[in-house]
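Written out below as C-alpha cells is the structure these notes cover.
In what follows, every heavy atom counts, from backbone to side chain, and hydrogens, waters and symmetry copies are set aside. This structure is a prediction, so every number in the text was calculated from the model and none was measured.
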Amino acid sequence: MNLQQTLELQVKAAIKALFQAELQSVEFQATRKEFTGDITIVVFPMLRVVKGNPVVIGEQVGQYLLDNVDDVLGFNVVKGFLNIEISDRYYHSFFQSINNTLNYGFLEANDDKAVMVEYSSPNTNKPLHLGHVRNVLLGYSVAEIIKASGKKVYKTQIINDRGIHICKSMLAWQRFGNEETPESTGLKGDKLVGNYYVKFDKAYKIEIAQLIAQGLSEDEAKKKAPILLAAQEMLIKWEAGDEAVVSLWKEMNGWVYKGFEETYKNIGVDFDKYYYESDTYLLGKEFVSEGLKTGVFIQKEDGSVWCDLTDDGLDEKIVLRSDGTAVYMTQDIGTAIQRIKDYPDVGGMVYTVGNEQDYHFKVLFLILKKLGFDWAKHLFHLSYGMVDLPSGKMKSREGIVVDADDLIQEMADTAEEISKELGKLEDYSEDEKKALYKTIGLGALKYYILKVDPKKRILFDPKESIDFQGNTGPFIQYTYARIQSILRKADVSRNLSLNTADLILHEKEKQLLKQLENFPEIIQNAAAQHSPALIANYTYDLVKDFNSFYQNVSILGADSALEKAFRVALSQTVGQTIKNAFKMLGIEVPERM
RNA sequence: GGUCGCAUAGCUCAGCUGGAUAGAGCACCUGCCUUCUAAGCAGGCGGUCCUAGGUUCGAAUCCUAGUGCGAUCACCA
C-alpha cells in the first residue's frame, strides 16, 4: 500500500471518528513549494459531508493523522489545505522497495486480453514523409506504453497496396522509366516509385492544360486526360488479374516494401504482423452480405448496400458499390474481423490514423458493433493532427514533402555539429560517433513529436531546426549520460541492501523520491489515455529534479560512505527510470555524450 | 450549412478526475566550469488562459452562446 492509499484510509477514519460521516474519496495534491509539507489534502470537498469551517476541520483531521499514522510527522493548515509532513523513513523504505528493480513501473502482462495497435499503414506509391513519422512514432509508443501497463500487445499495419494511386506510378514507370530499377539507379525502391508518382502528376497536369486550351472545362479535362484514362484502364486490368499488370504491380510494390523496411529500421520501429488490403476486402464483402441478411444493412434499388446510421445521429454510409465492388469501409470491416480470427486473444484495437478520418472510424466502430462483435466496444481511434509545413500541406504528388530518411539524416548531422563543438568524444571511434549522433538526432526528433498532445496539429518549419536544449530529447539523454559517468566513477558496490533508514534526506533527494513514486501511476494514465506526451513530460520533470540535485548536492563527495552509496544508488535508479520511460517513447539513451 | 477538433507568455508547449499567487523550454538579461560531463544549474523579464454569460465555497479546466483556425460531411482511399 502506498502512502496516498494509507492516508486516504486514515482520513476517512478520521472523518468517521470525529464527525460520524462517510467520506467518498480524498483529494490529494503535491504540496506547493512555498508551504511546508510533503503532501497536501484538500479539505473543501469534505464540506459536503461535514458542515463547518474548513480550517478547523483541517486542524482536527491533521491532529488525527499525527496521532494515528507513524509516518506523519507534522501538519499545518492554510485556508482549506492540510499540508502533511512525512518522515524520511517512509521515503527510505520506498526507495528500498525499488532500488534493485530494473523494470520499475512496468507490469508483466496480467490480462488475458491482448490489444492490437495499428500504425503506419502507408500507400505503396511514395516514400514515407514527416506525416508518417508522426504516425509511426505515436503508434509505436502507444503500443509500448500499453505493453508496460500490463497488457499483451500486437503491432500491426494495413498496407494499402491496391488502387489507382499505385497504377499511376506503374504507368509513369512504363512510359518514362526506361526499365529503371532500384539496383540500376542506386535509389531506394520507395523513392524510385515515388518519383514516378510525381512524374505522372506532371504529365497529367500538362495534358489537362492542353485539353483546356482545346476548349474543355477544367472538370472535363481532369476526367478526360488520356494518361488518367490509361491509369484507370490499368486498374481494371489489375482487378481482372491481367498477368503483365499484376506482375509489374508485384515488382514495384516489392521495391516499395524494401524501402519501407529500411526506413522503419532507420526510425527504430517494428511490426508483429502485416495486413494487405488486397487480402482482406473479400472478407469484408462476406460480412456485408451477412449483415444484409440480419438487417444491419439495407440494399438500394441500384444494388448498392448501405448502413443507416441516422438513429445514431450520423448519415447513411455506403458499404458496397452498386457494381458490387468494395469501398474503403468494406475493407476495414474485413480487416478488423480478419485480425480477430488470426489473434483470438485480442480484445481491443487501437488505430493510429490522422484526424481527417475521425468520421470514418466513428462509423466503422458503430458498424462493427451493429454486426454484433463484442470486441467492437474496445476499439479506439488514436487520432492526431496533421503535420503542416509553413507553405501549407505536404503534397507528395508535387514533391513538396519532408522526407523521413532525409529528416533523420539532418537530425543526426545537427547532433554531429553540436557534438564536435563540445568536443567530448575524442576517444570514440568513427563508428561509435556515428551511432551516437544518430541516437541523439533521433532522440531530438522523437521527443519533439511525442511531447505534444496528438490532437494538436504541428507546424514544422524545416528552416528552424529542432532544439537540442531545454525540454528536448538530448537534454534528457544528456542527463542519463551524466548519471552513467557517475556510476563509472563511483567505486561503491552496486548491490545495495543499504541501511539508509537513519540518513537525513536532503530536500533534493526527497524531491527525487517523490517524483519516482509517481512513475507507475503515470504509465497507467498514459496507457489509459493513449498518451506518450504524459510519459515525455514526466521524464522531463524527473530529469529537471535530477539536474537540480546533481548541481546542488555532491554525490561522490558525500560526507559519509553510506551517504555516498545512497546517492549513487539513487542516481542509478533515476537513470534506470529515464531509460525505462524513454523505452516507451522508442528513444535510446547513450552511455556518454 | 451540419458535425468533430483546437485556441494558455513574443515563439513552442505543460496544466490529471474543477482547488492555494497559471507552469516549463526557446528568445532576451544577470550570475556559476582549478569539485561528479556547462547539451547543465541559480535567478530576472514576460499572461485579458479567444470573447460573453452560467454552474460552484472555488473555473484555464464543467455548461451555453459566439469568434478564429483546421478537418469532415464521395458509389476516393
Side-chain angles (χ1 to χ4, degrees), chain A residues 25 27 29 31-32 34-35 40 42-45 47-48 54 78-81 83 121 123 160 162-165 277 300 302-306 313-315 317-329 331-332 354-360 362 383 385-386 388 393 415 418-419 421-422 424 440 444 448 451-453 455-459 461 464 466-479 481-490 521-522 525 528-529 531 533-534 536-537 540-541 543-544 547-558 564 567-568 571 592-593:
Chain A
S25 64
E27 191 172 328
Q29 56 184 282
T31 304
R32 295 178 70 105
E34 54 272 37
F35 304 103
T40 294
V42 188
V43 181
F44 296 109
L47 298 178
R48 295 201 184 96
V78 181
K79 293 194 230 170
F81 298 90
N83 303 316
S121 304
N123 288 348
N160 182 18
R162 65 188 206 109
I164 189 79
H165 53 271
E277 283 185 356
K300 296 204 170 171
D302 62 4
S304 59
V305 179
W306 297 73
L314 303 171
D315 302 326
K317 190 78 190 176
I318 189 158
V319 291
L320 209 59
R321 291 193 189 97
S322 53
D323 62 4
T325 57
V327 291
Y328 184 31
M329 191 61 74
Q331 295 168 5
D332 272 2
N355 64 6
E356 75 273 16
Q357 296 193 34
D358 286 356
Y359 184 70
H360 172 78
K362 215 180 201 178
S383 165
M386 297 283 98
D388 289 328
K393 253 189 147 160
I418 295 174
S419 270
E421 264 170 47
L422 297 172
K424 295 178 187 171
I440 298 170
Y448 173 83
K451 77 172 178 185
V452 316
D453 183 344
K455 284 199 295 266
K456 295 195 174 174
R457 37 195 292 254
I458 292 182
L459 187 70
D461 189 344
E464 280 178 41
I466 292 173
D467 274 331
F468 284 67
Q469 276 165 10
N471 187 359
T472 67
F475 166 78
I476 292 166
Q477 290 173 322
Y478 174 71
T479 303
R482 247 182 178 177
I483 291 172
Q484 300 319 302
S485 170
I486 287 179
L487 296 181
R488 281 191 295 270
K489 286 185 180 158
E521 195 187 339
I522 297 281
N525 285 346
Q529 297 176 39
S531 174
L534 287 181
N537 289 317
Y540 178 63
D541 288 339
V543 161
K544 282 200 44 125
N547 280 332
S548 184
F549 163 71
Y550 175 90
Q551 214 82 224
N552 288 288
V553 178
S554 181
I555 297 166
L556 298 179
K564 175 175 162 185
R567 287 178 181 166
V568 169
S571 302
R592 286 178 48 185
M593 69 185 271

- Item | B:G5 versus B:A24 - spacing of their P atoms, nearest Å | 31 Å
- Which letters describe nucleotides 30-45 of chain B, given B = protein heavy atom under 4.0 Å from base, S = only from sugar-phosphate, - = neither? ------BBSBBSS---
- Query: Expressed as a whole number of Å, how far does the C1' atom of B:A59 sit from that of B:G19?
  - Reply: 10 Å
- Which nucleotide in B:G19, B:C4, B:A20 has an atom nearest any side-chain atom of A:T31: B:A20
- Anti/syn call for B:C33, syn if |chi| within 90°: syn
- Query: If you find the nucleotide of RNA chain B closest to A:D467 and the one closest to A:I164, which residue's nucleotide is nearer the 5' end?
  - Reply: A:D467
- Query: Going by 5.5 Å between centroids and 30° between planes, is there a stack of A:F44 over B:G58?
  - Reply: no
- Message: Using the C1' atom as the point on both nucleotides, what is the distance between B:G53 and B:C11, in whole Å?
- Response: 32 Å
- Message: Within the 4.0 Å heavy-atom criterion, would you say A:E521 contacts the bases, only the backbone, or no part of the nucleic acid?
- Response: nothing
- Should A:K456 be listed as having a side-chain N or O under 4.0 Å from OP1 or OP2 of B:A7? yes
- Going by atom types alone, do A:R482 and A:N547 pair a side-chain donor with an acceptor below 3.5 Å? yes
- Task: Please report the C-alpha distance between A:F549 and A:S571 in whole Å, then the side-chain angles of each, then the deciding distance to 0.1 Å, and finally whether the side-chain contact (heavy atoms from CB on, under 4.5 Å) criterion is met.
- Result: CA-CA 10 Å; A:F549 163 71; A:S571 302; 3.9 Å; yes
- Message: Using whole Å, what does the distance between atom C1' of nucleotide B:A77 and atom NZ of A:K317 come to?
- Response: 11 Å
- Message: With a sphere of 6.0 Å drawn around CD of A:E521, does it hold more than 12 non-hydrogen atoms of other residues, nucleotides or ligands?
- Response: no
- On a whole-Å scale, what distance lies between the P atoms belonging to B:U17 and B:C62? 8 Å
- Note on the structure: For A:M593 and A:K424 the tightest heavy-atom approach is O-CD, 3.6 Å
- Do you know which two heavy atoms are closest between A:N83 and A:V78, and how far apart they sit? ND2-CG2, 3.9 Å
- Item | Centroid under 5.5 Å and tilt under 30°, A:F81 to B:A20 | yes
- Item | Contact check, side chains of A:F81 and A:V42, non-hydrogen atoms, under 4.5 Å | yes
- Note on the structure: Taken to the nearest 0.5 Å, the spacing of A:I440 CD1 from A:Y478 OH works out to 11.5 Å
- Using a cut-off of less than 4.0 Å, is there contact between a side-chain N or O of A:K451 and OP1 or OP2 of B:C26? no
- Query: Which part of the nucleic acid, if any, lies within reach of A:Y359 when heavy atoms closer than 4.0 Å are counted: base, sugar-phosphate only, or nothing?
  - Reply: sugar-phosphate
- A:N537 side chain: which of B:A74, B:G19, B:A14 is closest? B:A14
- Message: Base, sugar-phosphate or nothing for A:Q29? Non-hydrogen atoms, less than 4.0 Å.
- Response: base
- On a whole-Å scale, what distance lies between the P atoms belonging to B:A7 and B:G15? 10 Å
- Assess whether side-chain contact (heavy atoms from CB on, under 4.5 Å) is satisfied between A:M329 and A:H360, documenting all intermediate values. CA-CA 8 Å; A:M329 191 61 74; A:H360 172 78; 3.3 Å; yes
- Query: What is the nucleic acid contact for A:N83, judged by heavy atoms within less than 4.0 Å: base, sugar-phosphate only, or nothing?
  - Reply: base
- Query: A:L47 CG to B:C57 P: how many Å, rounded?
  - Reply: 10 Å
- Task: Using the C1' atom as the reference point in each nucleotide, state the distance between B:C16 and B:U61 in Å, no decimals.
- Result: 11 Å
- Note on the structure: Note: for A:N525 and A:L459 on RNA chain B, the residue whose nearest nucleotide lies more 5' is A:L459
- Message: Looking at A:R32, I'd like to know whether one of its side-chain N or O atoms comes within less than 4.0 Å of OP1 or OP2 on B:A20.
- Response: yes
- Message: Rounded to whole Å, please give me the gap between CG in A:D358 and P in B:G70.
- Response: 17 Å
- Task: Would you check if there is a donor-acceptor pair between the side chains of A:T472 and A:D467 at a distance under 3.5 Å?
- Result: no
- Message: What is the separation between atom CD1 on A:I476 and atom P on B:G25, rounded to the nearest whole Å?
- Response: 13 Å
- Task: Provide, to the nearest angstrom, the distance between the OH atom belonging to A:Y540 and the P atom belonging to B:G15.
- Result: 14 Å
- Message: Using a heavy-atom cut-off of 4.0 Å across all strands, would you classify A:P54 as base, sugar-phosphate, or nothing?
- Response: nothing
- Rounded distance (Å) that lies between atom C1' of B:U72 and atom CG of A:N355: 9 Å
- Item | Separation between the C1' atoms of B:C73 and B:A27, rounded to whole Å | 43 Å
- Query: Which is true for A:D453 with a 4.0 Å heavy-atom rule: it touches a base, it touches only sugar-phosphate, or it touches nothing?
  - Reply: sugar-phosphate
- Please work out if A:D315 contacts a base, only the sugar-phosphate, or nothing of the nucleic acid, heavy-atom cut-off 4.0 Å. sugar-phosphate
- Item | A:N355 versus A:K455, closest heavy-atom pair with distance | ND2-O, 4.5 Å
- Task: Evaluate the criterion side-chain contact (heavy atoms from CB on, under 4.5 Å) for residue pair A:I486 and A:Y550; output intermediate values, then yes/no.
- Result: CA-CA 10 Å; A:I486 287 179; A:Y550 175 90; 3.5 Å; yes
- Message: Could you tell me how far B:U55 sits from B:A60 if I compare only their P atoms? Round to whole Å.
- Response: 16 Å
- Taking the six-membered ring for Trp, are A:Y540 and A:F475 ring centroids under 6.0 Å apart? yes
- Item | Rounded distance in Å - CD1 (A:I522) to P (B:U17) | 13 Å
- Task: Using a 3.5 Å limit on both pairing distances, list the dot-bracket string of RNA chain B from the 5' end; Watson-Crick and G-U wobble pairs count, crossing pairs take [ ], interstrand pairs take |.
- Result: (((((((..((((.....[...)))).(((((.......))))).....(((((..]....))))))))))))....
- Query: Is A:R48 near enough to B:U56 that one of its side-chain N or O atoms lies under 4.0 angstrom from OP1 or OP2?
  - Reply: no
- State whether the side chain of A:R321 and the backbone N or O of A:A326 hold a donor-acceptor pair below 3.5 Å, judged by distance alone. yes
- Figure out the CG/C1' separation between A:L314 and B:U72, and round it to whole Å. 12 Å
- Query: If you check every side-chain atom of A:V327, which of B:A77, B:C69, B:G19 has the closest atom?
  - Reply: B:A77
